[in-house]
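Pasting in a structure now, in structure tokens, and then I'll have a few things to ask.
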Amino acid sequence: MSLQATPEEVRAVEEEIEQIGLRPFINPGVERKVIAVLGEVDVHKADLVERFSTMRGVDRVELISDLWKLASRAYHPEDTVVRAGKVAIGGRQVAVAAGPCSVESEEQTMQVAEAVKAAGAHLLRGGAFKPRTSPYSFQGLGEEGLKILAKARERTGLPVVTEVMDTHEVELVQKYADILQIGTRNMQNYALLKKVGATGQPVLLKRGLGSRVRDLLMSAEYIMAEGNHQVILCERGITTFEDSCRSTTDINAVPVLKHWTHLPVMVDPSHATGDWKYVGAVARAAVAAGADGLLVEVHNDPARARSDGPQSLKPEKFSELMGEISRIAAAVDRTI
Ligand code: PEP
Ligand code: MN
């Protein structure tokens, strides 16, 4: 819409879109109002362009060629900033979420939460529902784990990021989480994506192990199409022929995503490498490449961790890492 478009003119365009059987989505951008038109109808695109171009208040009509419409930069040129409590993800500050892979006990979670808070983390991560490769591995504490996370948030003030694995658990996890995490294995669980989309709560969407960047964006689109635009994308390493590490960090994905979408991009160097020795280097590379945040596993006693001990940093190492990434952030005009 043109900068001078009146609310009535905007409304008239919306009504026209609805009348054709399409859905309007308004991005009330600071610069200008962009209305995305979504859906499929049996009308020639050129006719639609013509029809809307001549309406009052319309500046121009563009076809978004990307399959991800709402996630596209064309629809929303400004960076999206997702907010969880007082933390902003996608702004100038690089947001760091740190904590254990799994919530194992109140004592363990409190210790780690206080340590990561003292080191300067902005968010607390921790899984209560765990997607494990083996059914015989620890599956998480469930609701008890969520309660522990809520207590840790109360104690430290850190907003909580935690995974929801099943559509039936969304309501429960939503009560405790500030950011709902969709794990790698569920990136294309469309029923779950729609369900978290309907909550309107911030979502951290992790890239599937065998998914392309474009698949990740289509999954984000599922959440956004439900009206929830509070989506953070997370590169967590993909499966390639390379087997020196648990996964291969696709560092390219960071600048590609920043180009293709307005959504914030985080990197998880812990699951990407699977080895605490490499976590620092990949975290530094991620910040240098333009990531808006990091997701880092930290454990007070990695040798005894019930999941992902080998990739978990001890609190002292995490604290060192925070210092290192602060220097990288400054070099790329960001803060920690
Ligand atoms: C996690 O972050 O807790 C997790 C299980 O990671 P991923 O889904 O990336 O394997
Ligand atoms: Mn883990």
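Both ligands and their constituent atoms are indexed starting at 1 by order of listing. This structure is a prediction, so every number in the text was calculated from the model and none was measured.
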Can you tell me which residue and heavy atom of the protein come closest to atom 10 (O) of ligand 1, and the distance to 0.1 Å?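 Result: R236 NH2, 2.8 Å.
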
Criterion salt bridge (Lys or Arg N to Asp or Glu O under 4.0 Å) on R92 and D333, from CA distance to verdict: CA-CA 8 Å; R92 188 158 173 261; D333 206 22; 3.2 Å; yes

Ignoring hydrogens and geometry beyond distance, is a side-chain donor-acceptor pair present between D308 and H271 at under 3.5 Å?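 Yes, H271 and D308 have a side-chain donor paired with an acceptor closer than 3.5 Å.
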
4.5 Å side-chain heavy-atom contact, L149 and Y176: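 Heavy-atom side-chain distance check fails, nothing below 4.5 Å.
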
Is it true that a side-chain atom of Q139 and a backbone atom of L141 form a donor plus acceptor pair closer than 3.5 Å?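 No, Q139 side chain to L141 backbone: no donor-acceptor pair under 3.5 Å.
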
Using a cut-off of 2.8 Å, count how many protein N, O or S atoms are strictly closer to the Mn ion (ligand 2).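 My tally for this metal is 4.
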
Checking a contact table here: which protein heavy atom is nearest atom 6 (O) of ligand 1, and how many Å away?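 Minimum-distance protein heavy atom for atom 6 (O) of ligand 1 reads K206 NZ, 3.0 Å.
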
Using a distance-only test with no angle check, is there a side-chain donor-acceptor pair under 3.5 angstrom linking Y222 and Q188?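 On atom types as modelled, these side chains do not qualify, holding no pair under 3.5 Å.
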
List ligand 1 atoms under 4.0 Å from E163, heavy atoms only on the residue side.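 The list of qualifying atoms is 5 (C).
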
Is there a chain of hydrophobic side chains (I, L, V, M, F, W, Y, each step under 4.5 Å between heavy atoms) that links L180 to Y190?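 Linked within one cluster.
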
Number the atoms of ligand 1 from 1 as they appear, then name those within less than 4.0 Å of a heavy atom of G183, with their elements.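 What qualifies from ligand 1 is 8 (O).
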
Give the residue, atom name and distance (to 0.1 Å) of the protein heavy atom nearest atom 3 (O) of ligand 1.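 Going atom by atom, the protein heavy atom closest to atom 3 (O) of ligand 1 ends up being R125 NH2, 2.8 Å.
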
Hydrogens and angles aside, do R306 and S102 bring a side-chain donor and acceptor to less than 3.5 Å of each other?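 Result is no, nothing qualifies.
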
Which of the numbered atoms in ligand 1 are below 4.0 angstrom from a heavy atom of K130?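 Those qualifying, in numeric order: 3 (O), 5 (C).
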
With the 4.5 Å side-chain cut-off for hydrophobic clustering, are M187 and W260 part of the same group?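 Yes, same cluster.
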
Could you tell me whether ligand 1 has any atom less than 4.0 Å away from a heavy atom of Q181?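 Checking ligand 1 against Q181, which is what was asked, there is a heavy-atom contact under 4.0 Å.
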
If I apply the N/O under 3.5 Å rule, does E297 come out as touching ligand 1?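 The answer is no, given that E297 and ligand 1 share no N or O pair closer than 3.5 Å.
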
For the pair D292 and R334, find out whether any cationic side-chain nitrogen is under 4.0 Å from an anionic carboxylate oxygen.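 Here D292 pairs with R334 in a salt bridge, since their nearest N and O are under 4.0 Å apart.
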
Return the residue, atom name and 0.1 Å-rounded distance of the protein heavy atom closest to atom 4 (C) of ligand 1.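 Answer, as residue, atom name and distance: H271 NE2, 3.5 Å.
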
Provide, to 0.1 Å, the distance between atom 8 (O) of ligand 1 and the closest protein heavy atom, together with that atom's residue and name.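 Answer for atom 8 (O) of ligand 1: T184 N, 2.9 Å.
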
Over 60° means perpendicular and under 30° means parallel, so tell me whether H76 and H262 are parallel, tilted or perpendicular.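 Correct class here is parallel.
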
Given the rule that I, L, V, M, F, W and Y join up when any side-chain heavy atoms are under 4.5 Å apart, are V81 and L295 in one cluster?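 V81 does not cluster with L295.
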
